[in-house]
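Small disclaimer: the values here were computed from a predicted structure and weren't measured. Quick note on labels: first sequence line is chain A, next is B, and so on, each numbered from 1.
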Amino acid sequence: MPRYNPKSVEPKWQAYWDQHQTFATSAEPKKDNNGKLYVLDMFPYPSGSGLHVGHPEGYTATDIVCRYSRMKGKHVLHPMGWDAFGLPAEQHAINTGTHPRVTTYENIATFKRQLKSLGFSYDWNREFSTTDPDYFRWTQWIFLKLYDTWYDPTFTWTGPDGLQRTGKGRPIAELPIPEEVTAQGTEAVRRYQDENRLAYQSFAPVNWCPELGTVLANEEVTADGRSDRGNFPVERRPLRQWMLRITAYAERLINELEPLDWPESVKALQRNWIGRSIGAEVDFPLAPRRAGGVNPLSSADLEKDFHLFKSTRSRTGFPTSPDQNVLRVYTTRPDTLFGATYMVIAPEHLLIDELTTDDQKPAVETYRQQAALKSDLDRTDLAKTKTGVFTGSYAINPVNGQPIPIWVADYVLSTYGTGAIMAVPAHDSRDLEFAHAFKLPVVPVVQPPDNSDPIGFTAEGFAINSGEFTGLPTAEVKTKITAWLAESGLGRQAINYRLRDWLFSRQRYWGEPFPLWHELDDHGNPTGLIRTVPLDQLPVVPPDMDDFKPKGTPDPPLSWAPQEWLYKTDTDGVKLVRETNSMPQWAGSCWYYIRFADNKNPDNFIDPELEKYWLPVDLYIGGAEHAVLHLLYSRFWHKVLFDLGYLSRPEPFQKLVNQGMILGEASYFTYAPEKFSGHALNDPVAAGLVSSEFTKFASTDDESNNIYEDTRNGAKLIEVELPKEKIEPRGGKQYIIGTDFQVTIRSEKMSKSRGNVINPDDVVEQYGADALRLYEMFMGPLDATKPWQMNGVEGVYRFLARAWRMITDENLADEVTINPAIEDVPMTEAQERLLHKTIKAVTNDIESLSLNTAISRLMEFTNEFASAQPRPKAAMETFVLLLSPYAPHLAEDLWQTLGHPNSLAYYPWPTFDESKLVESELEIPVQINGKLRAKIKIPATASKEEMEAAAKSDPQIIAQLEGKTIVKTVVVAGKMVNFVVK
RNA sequence: GCCUUGGUGGUGGAACGGCAGACACAGGGGAUUCAAAAUCCCCCGCUCGUAAAGGGCAUGUGGGUUCGAAUCCCACCCAAGGCACCA
């Protein structure tokens, strides 16, 4: 057989690793401990369609790091599991009648078989699924911890990491209860606590997706108001929901991001998502109205009232919450206060009735109803035309005493800041648009540094028309006005976040049930009071049900669960009904990295000692699509558990790497008039209607339907895909066969509809797992988006076969034996140098995850040694060790052929000797005026003078220097010589 | 509009401020073979030049710093991803 045959080699070693438990990780560190290394892949959702080529990309990278690190003597934790709750299994169940539990575990089996066929060195003893009751018992337990916690923003403390922080999640029992609440009895106290928990109920409008039959978190809704998953419409509805108070942690989620070794893009994404902004809250006193609410006001009344307000405020200071006679706004530009010419409140603002005068009531009421009906999509869609209605009331600008009108408009969001703004049309584009639409005054207060028109200028400049602040630069005005506001009790510095609390409940069956009961009164109605399921009664398992199809209403499927599951009477006689919402898919993935370190612990979610030893995850690799959702949620849970003392580090993932997307094979396109769409592909070509001269005319959402314009005659063109057989390369460009029409080459995302999906099983079948692994790493940098090329797999397969032939004897028919060219002889100096260079390069490349170049080095090595006679055995052994993280099956087999009976998985990683890298002779470039003119050979030890002399004696250089004067000579020892001449 | 990351041969991609294009793929030529597969050897950025010798031009565009720039700085263009009435 001795041809390289992955089909016999690979299963053999997979069985060996299984049998010998080669990759089982002991809980205890080994004696010769070189430290621990926790390397984690983002665990997959086991979908029905099986593994995709995108999965093995990240998995191979982590596997290489793990195999390498074990050989370096590290205590490696490398687990795998399943994120298996979620919609697809449930949707499939609804369509086919198969219970999601059944489908889920079938899919897991497929995924596991596929992963095993790729030879990943997971410790399968640590496998679990988020759907295992043993696991979600602790997911529910963590939820109860969140429920049992409130955030104290003023608490200063030092954590187990030795850092001092202000702000801490603390047990709800430690929440100070105001006296007036205590006075109202225990029920009032319970309700007061409920308002402060990190897990709380909300009745605000939420994103309801009728198609999916569930509500969605803000993060799961796209900018155009559709579901992230499935792209269905989403509408706003007020529904009772469970929320998690992630906003309490906003500041820490931003600050503690800094020291992490994460891609800058992901950090930026999280920072943007949290959206911290610094500004000021300012109270605008409401102008008094004459009896009967008739305006305008008399200026005498106004002045009197304003003075009274100011003198009161300078005594009392700025109140924590605004009193009745003011409108509080948030602004990031307190420096533009003098330019505030009107105010706007959101249609949902609490003071709206207060502020609306009788004669404006009908108009405001109508507007408010219209706004309520609009979805977020409508609101943003109408961004171009601003709408709004005057309330009839005025507020007084605290800096100058001027009365300004208060409007209602839906361009102001009730959920951000105070739900009200001061409008400075001169320096805010939205306010300017609104002011133009409703003919409101525009007062410029910032002069651009270049003295251009201040109207519409939104950057920093110098204050104008701003009283005592006139002439100062923006930054200074900001601080000075804020200070003045604070002093006079009219405002204060404030920080706001774009981040909203996390909507944590879903109306689906296939998720973790909440471990909560609602108390019922004598009539069976909920009282609003909650009881938790005692910790020793966890988990709460979803009841057995056949019908979990959404009814098109927001009632969760669990609301028609069997009575015995749904109701009970507690020991004190109080009737209870279960919470029937379930947790979102994110819940399970929020903490799985913790459980992997101690997956079988029946008494604790993790043993504290194991937690200290294994966490945090040292290297976490996965797709960029989780940049905000999963990674932000995990960090939040982690911090709560940290505050409560269950975890000893503040962050879960020390280093994060996003693997790039793998696109389908390149396709070829030409451009033809629209009427040809749908015709046979060669029609437009034959008809001579194809054009190579065009510009992009318009884009559509669907990329394949972009429209182009023929630059010769203005005709509209569309893209037409051509089969590869229609293409011929000529003069370095690609043309349609027999024509002068150039084609465009482009790669697209893999998708079922395009028919360009590559199934890893097929690649393994044809070329083997080692070739697939190697190819995915050889394609390019790990984090880059790159197109698949089957020819490339062929290429690395040839390399593996070459490595095989270098070491085994192909001439024997049946038996795998060592190649007779391999002898126990010393290496030549050149061979030794190449070997040590290769060890150095491959080692450094793994450390920096530059896996594509490491493979290049191994190829170079093979290109040299494959034809060497004899081939020193020691060099071959080192090569096999270097190759083993990439192509482990082949390497194990070659290792055996070289006479080693045991696995190389823990054999020490080769080391290099710096002194062996030194060349005796160097070839260096000689430049004239920075241009390469010759290459000369010099001894490695040559001095600068010797190098210069050698360069000057080169015939090429002599000829080039003829008749010129050397102005300057630059010599870099061992590197190059440059003559600057005139 | 804002943020992030990119832009190098026909293709994927290499390159501590010092020989641009390593390593592959595709393509061309040759050897081996009855023939093929497999394998091995050679050529391969564009261009002038006879296919030589030897030039010229080349890392999105335009400037700058430097003896020397794919690499550093400034401006712009393009692509991908994300955010977007967040005051």
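For B:U39, neither phosphate oxygen OP1 nor OP2 lies less than 4.0 angstrom from any side-chain nitrogen or oxygen of A:Arg3. Phosphate contact (OP1/OP2 of B:C40, side-chain N/O of A:Arg802, threshold under 4.0 Å): present. One finds no side-chain N or O of A:Asn852 lying less than 4.0 angstrom from the OP1 or OP2 phosphate oxygen of B:G12. For A:Arg498 and B:A84, the shortest distance from a side-chain N or O to OP1 or OP2 is below 4.0 Å. A sub-4.0 Å separation between OP1 or OP2 of B:C83 and a side-chain N or O of A:Arg271 is absent. A close approach under 4.0 Å does occur between a side-chain nitrogen or oxygen of A:Gln956 and OP1 or OP2 of B:G54. Within the 4.0 Å cut-off from OP1 or OP2 of B:C57, at least one side-chain nitrogen or oxygen of A:Lys931 is found.
Taking atom C1' on both nucleotides, B:G30 is separated from B:A15 by 32 Å, rounded to a whole Å. One P atom belongs to B:G29, the other to B:U61, and the distance between them is 34 Å to the nearest Å. Distance noted for atom P between B:A84 and B:C3: 16 Å (whole Å). The separation of B:G63 from B:C77, taken at their C1' atoms, amounts to 15 Å, rounded to a whole angstrom. B:G27 sits 8 Å from B:C44 when the C1' atoms are compared, rounded to a whole Å. Here, B:U8 and B:G12 have their C1' atoms 12 Å apart, quoted to the whole Å. Atom name P, nucleotides B:G21 and B:A35: the rounded distance is 39 Å, in whole Å. Using P as the reference atom, B:U47 and B:U39 are 32 Å apart when rounded to the nearest Å.
A:Asn863 comes within 4.0 angstrom of sugar-phosphate atoms only, judged by non-hydrogen atoms across all strands, and of no base. Here A:Asn272 lies in heavy-atom contact (under 4.0 Å) with sugar-phosphate atoms only. A:Ser265 comes within 4.0 angstrom of sugar-phosphate atoms only, judged by non-hydrogen atoms across all strands, and of no base. Among the protein residues, A:Val972 comes within range of the nucleic acid bases, having at least one heavy atom under 4.0 Å from a base atom. The residue A:Asp431 sits apart from the nucleic acid: no heavy atom pair falls under 4.0 Å. Using a 4.0 Å heavy-atom cutoff across all strands shown, A:Arg857 reaches no nucleic acid atom at all. Within 4.0 Å (heavy atoms only), A:Thr785 reaches sugar-phosphate atoms of the nucleic acid but no base atom. Across all strands shown, A:Glu860 has heavy atoms under 4.0 Å from sugar-phosphate atoms exclusively, and none from any base. A:Glu923 comes within 4.0 angstrom of a nucleotide base, judged by non-hydrogen atoms across all strands. Using a 4.0 Å heavy-atom distance criterion, A:Pro263 is classed as making no nucleic acid contact. Among the protein residues, A:Arg276 comes within range of no part of the nucleic acid, since none of its heavy atoms lies under 4.0 Å from any strand. A:Glu625 comes within 4.0 angstrom of no nucleic acid atom, judged by non-hydrogen atoms across all strands.
Ranking B:A15, B:G12, B:G18 by closeness to the A:Thr853 side chain, first place goes to B:A15. When the nucleotides B:U5, B:G18, B:A87 are ranked by their closest atom to the side chain of A:Ser277, B:A87 comes out on top. The side chain of A:Arg798 approaches B:C25 more closely than any other nucleotide in the set B:C25, B:A14, B:C40. The side chain of A:Arg933 lies closest to B:G56, out of B:G18, B:G56, B:A87. Comparing atom distances between the A:Asn978 side chain and each of B:G68, B:C23, B:A87 picks out B:G68 as nearest. Considering only the side chain of A:Ile421, B:A87 comes nearest among B:A14, B:G55, B:A87. When distances run from any side-chain atom of A:Pro925 to the nucleotides B:C67, B:C19, B:A38, the shortest one goes to B:C19. For A:Glu264, taking side-chain heavy atoms from C-beta onward, the closest of the listed nucleotides B:A22, B:U5, B:C40 is B:U5. Set against B:A87, B:A20, B:G18, the side chain of A:Val412 has B:A87 as its closest nucleotide. In the set B:C23, B:G18, B:A87, the nucleotide with an atom closest to the side chain of A:Met859 is B:C23.
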Exercise for review: Take A:Phe861 and A:Phe879, measure what ring-ring contact (aromatic ring centres under 6.0 Å, His included) needs, and give me the verdict at the end.
Suggested key: CA-CA 8 Å; A:Phe861 180 94; A:Phe879 169 79; 5.1 Å; yes

Check your understanding: Between A:Glu57 and A:Lys786, does a salt bridge (charged side-chain N to carboxylate O under 4.0 Å, His left out) hold up when you go through it step by step?
Key -> CA-CA 11 Å; A:Glu57 192 190 7; A:Lys786 359 169 222 248; 2.6 Å; yes

**Study point:** Full working for ring-ring contact (aromatic ring centres under 6.0 Å, His included) between A:Phe799 and A:Phe778
**Key:** CA-CA 12 Å; A:Phe799 161 67; A:Phe778 188 60; 8.4 Å; no

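Counting heavy atoms from C-beta outward, A:Val53 and A:Glu776 have side chains that approach closer than 4.5 Å. Inter-residue side-chain proximity for A:Phe284 and A:Arg328 is flagged as unmet; no heavy-atom pair is nearer than 4.5 Å.
Taking atom CG on A:Asn791 and atom P on B:A26, their separation rounds to 5 Å, with Å as the unit. For A:Leu851 and B:C23, the CG to C1' distance is 14 Å, given to the nearest whole Å. Atom CG in A:Leu269 sits roughly 13 Å away from atom C1' in B:A80 (whole-Å rounding). Computed from coordinates, the A:Met947 CE to B:G18 P distance equals 14 Å when rounded to whole Å. Rounded to an integer number of Å, the gap from CD of A:Gln789 to P of B:G10 is 15 Å. Distance CG (A:Asp428) to C1' (B:C85): 9 Å, rounded to an integer number of Å. The distance between atom NZ of A:Lys386 and atom P of B:C85, rounded to the nearest whole Å, is 9 Å. In this structure, A:Ile345 places its CD1 atom 17 Å from C1' of B:C85, rounding to the nearest Å.
In this pair, A:His427 and A:Phe457 present their aromatic rings perpendicular. The plane angle is above 60°, beyond the 30 to 60° band.
Contact between A:Tyr416 and A:Tyr497 at its shortest, heavy atoms only, is CE1-O, 3.4 Å.
Residues A:Ser867 and A:Gly795 both approach RNA chain B. Their nearest nucleotides, taken by heavy-atom distance, put A:Gly795 toward the 5′ side. When each of A:Phe778 and A:Gly417 is assigned the nucleotide of RNA chain B with its nearest heavy atom, A:Phe778 is the one assigned upstream, toward the 5' end.
A:Ser856 and A:Thr853 are not linked by any side-chain donor-acceptor pair at a separation below 3.5 angstrom, with hydrogens and angles left out of the test.
Aromatic ring centroids of A:Tyr411 and A:Phe434 lie under 6.0 Å apart.
Counting atom types as modelled, A:Lys935 pairs a side-chain N or O with a base atom of B:C19 as donor and acceptor under 3.5 Å.
Surrounding CD of A:Glu864 are at most 12 heavy atoms belonging to other residues, nucleotides or ligands under 6.0 Å away.
Taking 90° from 0 as the syn/anti boundary, the base of B:G9 is oriented syn.
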